[in-house]
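These values consider heavy atoms only, across backbone and side chains, with no hydrogens, waters or symmetry-generated copies. In what follows, chains are A, B, ... by sequence order, proteins preceding strands, each numbered from 1. Since this is a predicted model, take the numbers as computed values, not measurements.
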There are 2 protein chains.
Amino acid sequence: MSTIKDIARHAGVSAATVSNVINETRYVSPELRDRVMAAVSELEYRPNAVAKSLRKKRTSTIGLIAPDNSNPFFAEVAKGVEDAGFRAGVSVILCNSDSSFDRECSYLQLLSDKQVDGIIFIATTPEIDHLTRLIDPRLPMVVFYRQSDRLMTDSLVVDNFGGGYLATQHLIELGHRHIACVAPASTNSPSSLRVSGYRQAMEDAGLAVEDELLFRGDNRFSGGRDGARHLLAGTRRFTALFAGNDVMAVGAIREFRDQGIDVPRDVSVAGFDGIALGEVTIPALTTIVQPRYDAGHRAFGLLYQRIEEGYNGPPRHESLGIELVVRESTMPLAQSQKESK
Amino acid sequence: MSTIKDIARHAGVSAATVSNVINETRYVSPELRDRVMAAVSELEYRPNAVAKSLRKKRTSTIGLIAPDNSNPFFAEVAKGVEDAGFRAGVSVILCNSDSSFDRECSYLQLLSDKQVDGIIFIATTPEIDHLTRLIDPRLPMVVFYRQSDRLMTDSLVVDNFGGGYLATQHLIELGHRHIACVAPASTNSPSSLRVSGYRQAMEDAGLAVEDELLFRGDNRFSGGRDGARHLLAGTRRFTALFAGNDVMAVGAIREFRDQGIDVPRDVSVAGFDGIALGEVTIPALTTIVQPRYDAGHRAFGLLYQRIEEGYNGPPRHESLGIELVVRESTMPLAQSQKESK
DNA sequence: CTGTTAGCGCTTTCAA
DNA sequence: TTGAAAGCGCTAACAG
């Protein structure tokens, strides 16, 4: 691998000149420019990005910390980030936290040590203030779902409470009275806010939230299955289910089916997230759609403004729009159900 | 941010000594060690990984190039890579090629410029020999699904042909005679080998492969839908479908349903990949399961042996086991179907 | 046992 | 309009 010095020697110019023609950073006479270019292609020179980073204190790399890239929701967000990054010439380091506080810490440190230009952080632990204290506060960071006044980071939030409310309200309007809920076990704000929205909608409609109908599991297909199994094993009847996210909704629907319960005929199920998968499952999922790909894009944009465009103002808190999309997994409470339960 | 020199000064030792205590790279007397440690924690010193990389010619970073991280199959492989990397202290740069040759090139260059220690490449373009010529052949690389003698890279392959054969044979054994096929449009070897396996199984059973029953679309839910729509619009009857991958299978099942065709009653569908999703769809997917997470792990392992463990031998070509898992989306050809078609 | 020195490959003053 | 020189923060000879 040839270095800038090899090119300089080969072209009979100084290293500075080589650098200047490559980066178009100051005028270089046509003759020299040509000689440099020739040397560059002859020796197949490629600038060493590590050296450049050390010198410029800029790596053109950001980190993306998310719980689990194999969950379609995070995968779709990640794709938005990667895509925006690619266009802007910045690469993204993929970090799965596995919803573990320790792993979040490790990655935060690692990224900071690697001198990334910024971090996109989909946090799952509540102690986020502690986390950010781990790293230089000047390191640009955009956090999903958390907004803290003590935190000087930008954030991208979604109205989780409103979404939970909306989904539950939809179920209530369909005539359901006994509505169960499954949500991620983590006490992280996104899912608990969704559950709060569920509670509020129930309360506003004068319906009781029965503890037995509230299940917390892990944020995967299996979590949804566990929830459904648990609910079915309980003594309380229900005709509808609000799942804290689509993946759990799909898992729950499957478990219902395995136990002879049809969705939506016997139980209506509403999810949250709007992952692509929800459009093709049978039944297609009624859910609160949030823009995943676009969220990734916007998160990157926020970061980029600080990294490249010199924005240095106060933290910004943008919010993502959500929308109730009614598909096949919910339906009006049937007369037969009303009578039997 | 303090540097190693700050620590050295603060502890009254040389930079070399600081480096040596931090990296435990040679014996340092307890006194000095303590002083260094004290300075490190007082100044909250963190070594700059970029500087270290420049010096050591090692970045502890690898690149992962895959078509699309939001496709569950690649997502699950990526997770395996990331997880193995995390444990070994190497970070992974996420690169979506979007199945575009240009983008594969860009990323290969980028990664190489960034001095990554290795690349895991899930290639989708046939011109892979050209691609690898873009970068230093000494850069460790493990390629998925391609095995080229001209290529000096390690590879991880799966018996795509055998899998396609197996899935089709399963359909044939169920009594199906008119078996359609949808597969990714790319002429990349994985999917075309799967289709070849399908063809061979048909031929071995004395069945005709009808061109009209072969559809190529994109490797997403929508590709599967397109395939189903196309097949249904055609004049040829079919009672079963082999989909080149699970995502297309799920899309196809959904489209069938939208057009009043029930799977598996009216049409049996078999997929390929074994993504987690296939266990929870309704109907659950009959498919050729390949180890996704484990594949990522193993790919990383191969790379790591070259990066860290000094392996410098000839290219290795490992293969991943596959398995036919029969679930709900396939069933014996019903008498009624036999008569009507 | 530890410190000095050189240098990884690049960019950026500064000087000409 | 260009070159020389310094230096980003670290590690690895080499000396002592």
Exercise. Given D:dC10, is OP1 or OP2 found less than 4.0 Å from the side-chain N or O atoms of B:S19?
Worked result: no
Problem set entry | Distance, rounded to the nearest Å, where B:N20 contributes CG and C:dC1 contributes C1' | 10 Å
Problem set entry | Which nucleotide in D:dT1, C:dC10, D:dT11 has an atom nearest any side-chain atom of A:N48 | C:dC10
For this session: Between D:dT2, D:dT11, C:dC10, spot the one nearest the side chain of B:N23, thanks.
Result: D:dT11
Exercise. According to a strict under-4.0 Å criterion, is B:S14 in side-chain N/O contact with OP1 or OP2 of C:dT2?
Worked result: no
For this session: Could you check how far CG of A:D113 sits from P of D:dC8, rounded to whole Å?
Result: 19 Å
Exercise. Is any side-chain heavy atom of B:K114 closer than 4.5 Å to a side-chain heavy atom of B:L111?
Worked result: no
Exercise. Looking only at heavy atoms, which two atoms of A:Y107 and A:N96 are closest? And how far apart?
Worked result: CE1-O, 3.5 Å
For this session: Check the pair B:R316 / B:Y311 against side-chain contact (heavy atoms from CB on, under 4.5 Å), numbers first and verdict last.
Result: CA-CA 11 Å; B:R316 293 151 300 171; B:Y311 176 80; 3.4 Å; yes
Exercise. In whole angstrom, what separates A:R33's CZ from D:dT2's C1'?
Worked result: 14 Å
For this session: State, yes or no, whether a side-chain contact exists between A:Q305 and A:D154 at a heavy-atom distance under 4.5 Å.
Result: no
Seminar exercise, completed: Winner on side-chain proximity to B:T3, out of D:dG9, C:dG3, D:dG3, is D:dG9
For this session: For A:T25 and for B:R35, locate the closest nucleotide of DNA chain C by heavy-atom distance; then report the residue assigned to the nucleotide nearer the 5' terminus.
Result: B:R35
Problem set entry | Separation of D:dG9 P from B:D6 CG (nearest whole Å) | 9 Å
Seminar exercise, completed: Taken to the nearest whole Å, NZ/B:K56 to P/D:dG9 is 19 Å
Exercise. Heavy atoms under 4.0 Å, any strand shown: does A:V50 hit a base, just sugar-phosphate, or nothing?
Worked result: nothing
Exercise. With respect to the phosphate group of D:dC10, does any side-chain polar atom (N or O) of B:S53 fall under 4.0 Å of OP1 or OP2?
Worked result: no
Exercise. Which pair of heavy atoms, one from B:G118 and one from B:L303, lies closest together, and at what distance?
Worked result: C-CD2, 3.9 Å
Seminar exercise, completed: Considering only heavy side-chain atoms of B:A51, the closest of C:dC1, C:dC10, D:dC10 is D:dC10
For this session: Measure from the side-chain heavy atoms of A:R55 and tell me the nearest of C:dT11, C:dG9, C:dT4.
Result: C:dT11
Seminar exercise, completed: Comparing B:S29 with B:K57, nearest DNA chain C nucleotide closer to 5' gives the residue B:S29
Problem set entry | Presence of donor-acceptor pair under 3.5 Å, side chain of A:R26 and base of D:dG3 | yes
Exercise. Which whole-number value in Å describes the distance from A:I4 CD1 to C:dG7 P?
Worked result: 18 Å
Exercise. Looking at B:K52, does any N or O in its side chain come under 4.0 Å of the phosphate oxygens OP1/OP2 on D:dG9?
Worked result: no
